[in-house]
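Sequential numbering from 1 along the given sequence is applied to the chain's residues. Just so it is clear, the structure is predicted and the values come from calculations on it, not from any experiment.
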Amino acid sequence: MVIRIILAWLVMAGAVLAQGDTRLMILHDHGNPVVSEMVELTIRGEYDLTVSLEDMQFPNSPDYDWIQIARDDWHKDRVNGRLLQIFERKIALFPRREGAIQVGPISHKLTYVQNNGQRAETTVTAAPITLGVRPFPADTPPLSASRLVLTDELSAEPGRLKKDEILTRRVTIEAVGALAHHLPARPDLSEPWLILFSQPETRETVLTEAGPVARVVWEWQLRPRTGEPAILHAQAFPWFDTDHRQVEVAPLKPIPFGFAGFGSNFGASDQIAWRNWPLAALALGGGMAASLGLMLHGQGLLPVAAIRTRLRRLLPGPHARAMRRAADAGDLAALRDAADRHLRWRGQPAPPILAELDRQLYAPDPPPGFDARRWLAAFSRTLRRG
């Protein structure tokens, strides 16, 4: 029993700093994280010195990301009965890969005041530590957090939109204990039946008392091309809950679109009136027949659908009047709708110039000086060249 007491006393004595001595350590809250999980490090110095200046650089590494999460803390405290100057720096570290990851060594350069009033310098070094990082427990880009909140806000009821009404969708993801670049990339919401304008995303890491909080905000302006009911597909973002040690899923739910008080297609009347344009055009003969012959010359017999498409590109189309009326009235939503129906009638893809009109419709601060008539003339020229 006496021998055990003596051995314990010798161990404690070895841990006590001698007069003017120093010690620097790397402490961590847990040593077996998964990839991307936050590990809180404390760089602690115990100095029997009067420190006046200091400098410490935390080492970068391709094996981890890191961020300082609090101001350096200098205070005095008693350690084993002696009053020492204590230094603490808090670091959040995020492993990028699985396996053994070494952190450190870390050096702390100190300028201190000697008993004779003169200044001297010394460098204290903390031995490295090793973290055993486990694989991320899902076959997805790693995202770990102690808490994650996804907010999906809509400006209107998507199932009862009015004609020409634009739906704004704003999605915010906040993850406690993560960095902004860990959050998922903006999902692709594009659909053939949907007009979509994406606002620039905002992505940031905010330091709070609970630790770093990663935040991303996505915003879209959405408008279906027709009044036909449709569903915008769902999205899922898996993440690892570090408190409960399990994979969770943050969902973007599907959105059913529909229109209140409108039929299946806003342009149905125009489409019915012009449904037989190709047949009527063939009956015109003369110049139109000659144009058709020149267009198909040397190409052999084309399929009926191809002939119909090529013929339609020679005609003004059933939506020309609607486009002119909308441009004259400055009704950009009606102009966009008529232009879209005109493109589908002609069987042509949307030209880049359509983005100028979308920007006026959907951007929060559209460029000034937009002339709808001038845009329509340029749009028509682009289609003729195409």
Side-chain angles (χ1 to χ4, degrees), residues 1-33 37-97 99-134 146 177 179 207-212 242:
M1 182 67 180
V2 175
I3 296 176
R4 290 181 181 178
I5 295 174
I6 294 174
L7 288 174
W9 181 84
L10 289 173
V11 170
M12 293 178 58
V16 176
L17 298 179
Q19 185 70 32
D21 211 343
T22 58
R23 178 169 57 190
L24 187 66
M25 300 164 285
I26 305 174
L27 310 175
H28 57 83
D29 59 347
H30 61 289
N32 292 289
E37 180 179 359
M38 187 183 89
V39 179
E40 184 175 321
L41 304 179
T42 300
I43 317 301
R44 178 181 171 88
E46 299 176 354
Y47 305 138
D48 188 22
L49 299 171
T50 303
V51 179
S52 57
L53 294 173
E54 57 85 25
D55 180 53
M56 174 190 290
Q57 301 297 324
F58 191 83
N60 294 321
S61 170
D63 293 336
Y64 55 75
D65 296 304
W66 67 273
I67 183 174
Q68 184 170 343
I69 56 177
R71 293 183 178 181
D72 290 346
D73 179 23
W74 284 92
H75 62 276
K76 290 190 175 182
D77 200 0
R78 291 193 176 274
V79 179
N80 295 323
R82 295 174 56 195
L83 189 63
L84 302 178
Q85 195 161 6
I86 307 299
F87 165 84
E88 289 185 340
R89 175 174 294 182
K90 301 288 186 180
I91 299 290
L93 185 139
F94 304 86
R96 293 177 179 170
R97 64 167 181 84
I101 290 182
Q102 179 176 298
V103 182
I106 299 176
S107 295
H108 200 184
K109 297 180 180 179
L110 304 175
T111 299
Y112 63 96
V113 180
Q114 302 180 93
N115 292 335
N116 59 9
Q118 299 296 314
R119 295 194 175 190
E121 294 183 350
T122 187
T123 299
V124 189
T125 301
I129 63 169
T130 300
L131 302 177
V133 182
R134 294 174 291 173
S146 59
L179 297 178
L207 295 180
T208 70
E209 293 183 358
T242 59

Checklist entry - Can Leu49 and Asp21 be said to form a side-chain contact (heavy atoms from CB on, under 4.5 Å), step by step? => result CA-CA 7 Å; Leu49 299 171; Asp21 211 343; over 6 Å; no
Checklist entry - Does the separation of the ring centres of Tyr47 and His108 fall below 6.0 angstrom? => result yes
Checklist entry - Near Asn115 CG, under 6.0 Å, is it more than 12 heavy atoms from other residues, nucleotides or ligands? => result no
Next on the checklist: Determine whether Val39 and Asp29 satisfy the following criterion, side-chain contact (heavy atoms from CB on, under 4.5 Å), listing intermediate values before the conclusion.
Outcome noted: CA-CA 7 Å; Val39 179; Asp29 59 347; 3.6 Å; yes
Checklist entry - Any side-chain heavy atom of Pro33 within less than 4.5 Å of one from Arg134? => result no
Checklist entry - Taking only residues two or more places apart in sequence, or in another chain, which ones meet Ser146 in a side chain to side chain donor-acceptor pair (under 3.5 Å)? => result none
Checklist entry - Looking at residues at least two apart in the chain, or sitting in another chain, which of them share a salt bridge (Lys or Arg N to Asp or Glu O under 4.0 Å) with Glu88? => result Arg44
Checklist outcome for this item: What one should report as the nearest heavy-atom pair of Gly104 and Ile26 is CA-CD1, 4.4 Å
Checklist entry - Within a strict 4.5 Å, meaning less than it, do heavy atoms of the Ile67 and Leu207 side chains meet? => result yes
Checklist entry - Between the side chain of Glu46 and the main-chain N/O of Thr22, is any donor-acceptor distance below 3.5 Å? => result no
Item to check | Those residues that, when tested against Asp72, pass side chain to side chain donor-acceptor pair (under 3.5 Å) (two or more places apart) | outcome: Gln68, Arg89
Checklist entry - Could you give the distance from OG1 (Thr123) to CE (Met56), rounded to the nearest 0.5 Å? => result 11.0 Å
Item to check | Ile43 and Ile106, any side-chain heavy atoms less than 4.5 Å apart | outcome: yes
Checklist entry - Is it true that atom CZ of Arg97 has more than 12 heavy atoms of other residues, nucleotides or ligands lying nearer than 6.0 Å? => result yes
Checklist entry - Sub-3.5 Å donor-acceptor pair from the side chain of Gln85 to the main-chain atoms of Phe87, do we have one? => result no
Next on the checklist: Please find the pair of heavy atoms, one from Pro105 and one from Pro128, that lie closest to each other, and give the distance.
Outcome noted: N-CB, 3.8 Å
Checklist outcome for this item: All heavy atoms of Ser61 vs all of Arg96, minimum pair found to be O-NH1, 3.7 Å
Checklist entry - Any luck finding a side-chain donor-acceptor pair between Ser107 and Thr125 under 3.5 Å? => result yes
Checklist entry - Is there side-chain contact between Val51 and Val113, with heavy atoms separated by less than 4.5 Å? => result no
Next on the checklist: With side-chain hydrogen bond (donor to acceptor under 3.5 Å, both in side chains) as the criterion, how do His75 and Asp73 come out once you've worked through the C-alpha distance, each side chain's angles and the decisive distance to 0.1 Å?
Outcome noted: CA-CA 6 Å; His75 62 276; Asp73 179 23; 3.2 Å; yes
Checklist entry - Would Phe94 and Trp66 count as a ring-ring contact (aromatic ring centres under 6.0 Å, His included) if you check the C-alpha gap in whole Å, the side-chain angles of each, and the deciding distance to 0.1 Å? => result CA-CA 6 Å; Phe94 304 86; Trp66 67 273; over 10 Å; no
Next on the checklist: Apply side-chain contact (heavy atoms from CB on, under 4.5 Å) to residues Lys90 and Thr42 and explain how you reach the verdict.
Outcome noted: CA-CA 5 Å; Lys90 301 288 186 180; Thr42 300; 2.9 Å; yes
Checklist entry - Does Tyr64 reach the side chain of Leu93, with side-chain heavy atoms less than 4.5 Å apart? => result yes
Checklist entry - When rounded to the nearest 0.5 angstrom, what is the spacing between CE in Met38 and CG in Asp65? => result 13.5 Å
Checklist outcome for this item: So CZ of Arg78 and CG of Leu83: to nearest 0.5 Å the spacing works out to 5.0 Å
Next on the checklist: For Asp63 versus Ile101, what's the shortest heavy-atom pair and its separation?
Outcome noted: O-CD1, 3.5 Å
Checklist entry - If we only count heavy atoms from C-beta on, is the Leu110 to Val124 side-chain gap below 4.5 Å? => result yes
Checklist entry - Where do Leu41 and Ile129 come nearest, in terms of heavy atoms and distance? => result CD2-CD1, 4.2 Å
Checklist entry - Taking all atoms of both residues into account, what is the closest heavy-atom pair of Ala92 and Ile69, and its distance? => result CB-CG2, 3.6 Å
